[in-house]
Structure formats: structure tokens, C-alpha cells
2 protein chains.
Amino acid sequence: MASDVAVPGTRRGRRNDPERRDRIIDACLDVIAEAGVAGTSHRKVAEAAGVPLGSMTYYFAGMDDLLHEAFTRFAVTGSEQFVRRMSDAADHDSARAAVVAIITEDVFGSARDLVLTHELYTLAARRAEYRTITSAWMARSRAALELHFDPETARQLDALIEGLTIHRALDAETRDAAEVVRAVERIAVPVRTAALIAPTPLPEG
Amino acid sequence: MASDVAVPGTRRGRRNDPERRDRIIDACLDVIAEAGVAGTSHRKVAEAAGVPLGSMTYYFAGMDDLLHEAFTRFAVTGSEQFVRRMSDAADHDSARAAVVAIITEDVFGSARDLVLTHELYTLAARRAEYRTITSAWMARSRAALELHFDPETARQLDALIEGLTIHRALDAETRDAAEVVRAVERIAVPVRTAALIAPTPLPEG
DNA sequence: ACCCGATGTGTACAGACGTACTCATTTGTG
DNA sequence: CACAAATGAGTACGTCTGTACACATCGGGT
């Protein structure tokens with residue numbers, strides 16, 4: 001180990017390399033995705049980023065600081081993709097199709113993001129300082145959905161995306177894409193007719 | 001430390017105390033709820049359960065074995081509560097009310113269960129052996145919902161419960177109980193009229 | 001030309017961790 | 001009554017952890 005890194009006496013001194021900080025954050029997300037927050041350590045991240053161990057405490061106040069920055073970046077880039085998909089949609093139909101695509105593609109297309117999302121939620125469930133990240137993320141998602149749906153529908157769609165994504169990932173059964181389409185259609189009624197269907201008391205017979 | 005536990009020369013030998021194993025599992029869930037899987041260690045669980053450290057490796061093959069058993073118990077007791085609520089409901093109306101209650105009460109009423117759920121999901125997202133636990137849990141939940149709703153509605157309701165619970169826990173905004181009622185009503189149309197609404201192409205407006 | 005502060009690195013340390021292993025104790029059996 | 005197996009406790013060991021800190025290196029000011 002440590003054959004390519006930490007050759008004594010080389011590459012030291014003043015360089016002011018902000019890129020290095022970014023690389024560490026990205027590497028941190030990689031490590032979290034692979035080993036979980038539980039298995040994330042300064043050493044693993046340093047090795048993944050190709051920086052010496054000392055850089056960890058130099059660039060970040062501590063492990064929590066690093067995790068916070070990493071998940072903030074994850075949430076920001078994630079919601080950016082979400083917003084882009086929604087603003088690319090021209091009408092309600094394509095917006096609904098985009099929602100279906102987001103669900104069936106497992107959040108943003110990779111298992112990595114799913115794992116990272118759960119790690120973030122787990123942290124947020126216990127620690128309020130991470131909840132600001134999830135709150136901001138959900139707020140951006142809802143705002144994107146509100147480009148095409150009324151606020152209440154947006155919130156419900158957001159929740160449906162969350163639930164269906166999780167169930168499709170963690171359970172072998174809920175995998176039928178056509179069913180996802182129908183689920184979205186039950187919620188995402190066009191704005192003008194939503195009021196006619198949703199709050200109406202259900203027929204009993 | 002270790003003043004009430006581990007007095008040398010006392011309480012040793014053959015006792016065959018299955019209760020002790022249970023106590024360790026319960027204590028393990030307590031520790032996970034408080035410190036997360038990341039912060040769970042043999043020592044903390046042993047202290048919480050009031051057993052010596054050596055009992056950890058005696059009763060369980062290792063940390064993973066302990067976690068697996070703990071989460072299995074958690075999932076079983078959790079789904080039992082879910083099933084009971086559903087079978088207690090007499091008709092569709094009270095079933096829908098029960099679903100709303102489950103969501104608004106944060107899974108089963110405590111933040112502890114929410115945290116544990118996320119910890120389990122995080123594990124399951126990465127490791128297939130924990131996914132059998134989540135799969136079984138979701139299957140039991142769906143079966144309970146199918147006492148009152150058709151299979152597709154049950155799956156969608158299950159997903160909605162998941163998503164709304166998470167969003168209500170991790171986001172300060174989605175807290176209006178009346179909105180939960182309306183969300184459930186959009187999905188949980190009575191069996192006979194569901195076919196009339198759900199698969200129908202949406203009016204374009 | 002020289003030096004000083006800024007910037008980044010290498011290492012050492014104290015503690016916590018999982019687990020293996022030895023040994024004490026009790027209970028069923030002969 | 002004695003013995004052996006079952007059961008559980010205590011401890012020690014090697015590994016890995018976060019973090020502090022001394023120090024090397026370089027750019028810019030004089």
C-alpha cells in the first residue's frame with residue numbers, strides 16, 4: 001500500500017487546489033455508496049480520492065462536516081436532474097410520462113443513487129442538521145412538479161414517487177411498469193378536473 | 001462502569017436462559033434506534049442488555065447475525081401491528097381511516113420505528129440478505145391491505161403509505177392531516193368503482 | 001536575494017472495535 | 001456422590017478509527 005501516494009518530499013507546499021476538495025467530496029460519495037456511512041472512514045475516502053490522509057482534516061472540520069458536504073452535493077445534483085426533467089416536459093402528458101420514467105428508472109437510473117438516498121434518509125431520520133438537506137431537496141422536487149401540477153397533487157406525486165421507488169427496489173414484486181403508469185394517473189389528474197374527483201366523497205355502493 | 005455487571009465468580013455456568021437472547025435482540029434494536037447501525041457495537045448492546053461482552057459472540061455468530069435477527073424481529077412485530085389494524089377494520093371506510101391513521105401516526109406511532117425502518121432499508125438497499133426481510137414485510141402489509149382493497153390498489157396504497165410517512169418525517173411541510181385523507185381517497189377508491197376511474201384515459205382539458 | 005506566512009503532508013497517539021480463547025460454574029447423568 | 005458436558009463470563013489481542021500536530025514546501029512581499 002501507499003506506493004503511489006505519499007512519496008516523501010514531493011508535491012508539497014502552497015498550491016491552493018480547490019479541485020482537490022471537490023475530488024474528496026466525490027470520492028466520499030463513492031465510498032458511502034459502496035460501504036455505507038457506517039463503513040466510511042477518512043482513510044478510505046483519502047485513498048479513493050488519491051489524497052493523503054492529512055488532507056481530510058485539512059479540508060474538512062471532521063467526519064460530520066465531510067458527510068454533510070457530500071450529501072449536500074448529492075441532493076443538489078439529484079434535484080437538478082429532477083428539475084431538468086420536469087422543465088423539459090411540455091405538457092401534462094409528458095410531465096406524467098417523466099414522473100413514470102423517474103420511478104421506473106430507480107430515481108435517476110442507477111442503484112448507486114438509491115443507496116445514497118437511503119443513507120441520507122437514515123442520517124436525516126436521526127439528526128436534524130441533515131434534515132435541512134432532505135427538506136431542501138423535497139422542496140425543489142415539489143417546485144419542479146408544480147410546474148405542471150397543482151401544489152397538493154405535486155406533494156402527493158412526490159410521495160408516490162418516493163414510495164414506489166423504494167418498494168420497487170426493496171421488493172421483488174412491485175415491478176410492473178404499466179401499474180406505475182396507472183398509479184401516477186390516479187394521482188396526477190389534470191389541474192382543471194382534479195377538484196371534481198379528488199375531494200368528492202366516495203360512493204358507498 | 002461494570003459495577004453491576006460482571007462481578008467475578010457469580011452467576012456462571014449452565015442456565016440455558018433463552019430470555020437472555022431475547023433481551024440482547026431487544027437491546028440491539030434500542031441501540032440501533034439511538035446510535036444507528038453505524039454506531040452499534042457489541043459492547044454497547046451488551047451494556048444495554050445488561051449482559052457481559054462475551055455473551056455477544058456466544059449467542060450470535062457475529063455482528064451481522066445479531067443485526068439480522070434484530071431486524072427480523074422488528075419487521076415481524078411491525079407487520080403484526082399493521083395486520084391487526086387492517087383486520088380490525090370492518091368496511092372500506094374504516095380501512096381507509098386506518099390507513100390514514102397509520103400515515104399520520106408516523107408508521108406505528110413513534111419516531112423510534114421510523115428510524116429503525118430507515119436503518120433497515122439502508123441495509124436492504126445494499127445487501128440482498130436483508131432484502132428478504134423487507135420483502136416479507138411488504139408482502140404481509142400488502143396482504144393485510146388486500147383484505148379491503150384489490151391487489152393493485154393495495155400495492156399503490158402501500159407505496160403511498162411509505163412515501164407520505166417519509167415525507168412527513170423528513171420534511172417540515174407535508175404535515176396537513178386532511179391532505180393525507182384526500183391522498184388516500186385518490187388511491188383507495190372502493191373496489192367496484194375503481195375500474196371506472198383508474199384506467200380511463202385522462203381528459204385533456 | 002531572502003525570508004515569512006500560507007498551504008499541504010506525514011505520522012503518531014489514544015481509544016474503540018470485533019472476535020477468539022481460556023476458564024469458572026452449574027446441572028444432568030451414571 | 002462424582003464426573004463430564006453444557007453454558008456462560010472475562011480477558012487479551014490485533015486492527016482500525018478520528019484527530020492532533022510537527023514539519024516540509026512554495027509564493028509573494030520587500
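Below, chain A is the first sequence line, B the second, and so on; all start at residue 1.
- Look at S41(B) and you'll find a side-chain N or O under 4.0 angstrom from OP1 or OP2 of dC17(C).
- For the pair K44(A) (side chain) and V31(A) (backbone), a donor-acceptor distance under 3.5 Å is absent.
- Distance CG (D64(B)) to C1' (dC17(C)): 15 Å, rounded to an integer number of Å.
- If you check distances only, the side chain of R20(A) never reaches the base of dG8(C) with a donor-acceptor pair under 3.5 Å.
- Atom OH in Y59(A) sits about 18 Å away from atom P in dT19(D), given to the nearest Å.
- Per the geometry, CZ belonging to F60(A) stands 13 Å off P belonging to dT9(C), to the nearest Å.
- In this structure a side-chain-to-backbone donor-acceptor pair under 3.5 Å is present from E119(A) to V37(A).
- Nearest-nucleotide positions on DNA chain D for G54(A) and Y58(B) put Y58(B) closer to the 5' end.
- What separates NE2 of H42(A) from P of dT19(D) is a distance of 5 Å, to the nearest Å.
- Between L66(B) atom CG and dT19(C) atom P there is a gap of 10 Å when expressed in whole angstrom units.
- Proximity of F60(A) to I25(A): side-chain heavy atoms (C-beta onward) are separated by under 4.5 Å at one or more points.
- Taking side-chain N and O atoms only, T57(A) has no distance below 4.0 Å to OP1 or OP2 of dT19(D).
- Between the side chains of R21(B) and S55(B), no donor-acceptor pair is found at a separation under 3.5 Å.
- Rounded to a whole Å, the CZ atom of R43(A) is 9 Å from the C1' atom of dT19(D).
- Of the side-chain N and O atoms in S55(A), none sit less than 4.0 angstrom from OP1 or OP2 of dG8(C).
- When rounded to the nearest whole Å, the span between NZ of K44(A) and P of dT19(D) equals 16 Å.
- In summary, the side chains of E69(B) and Y59(B) do not present any donor paired with an acceptor at a separation below 3.5 Å, with no hydrogens or angles considered.
- At whole-Å resolution of the value, CE in M56(B) and P in dT7(D) are 18 Å apart.
- If you check dC17(C), dA12(C), dA9(D) against the side chain of L53(A), the one that comes closest is dA12(C).
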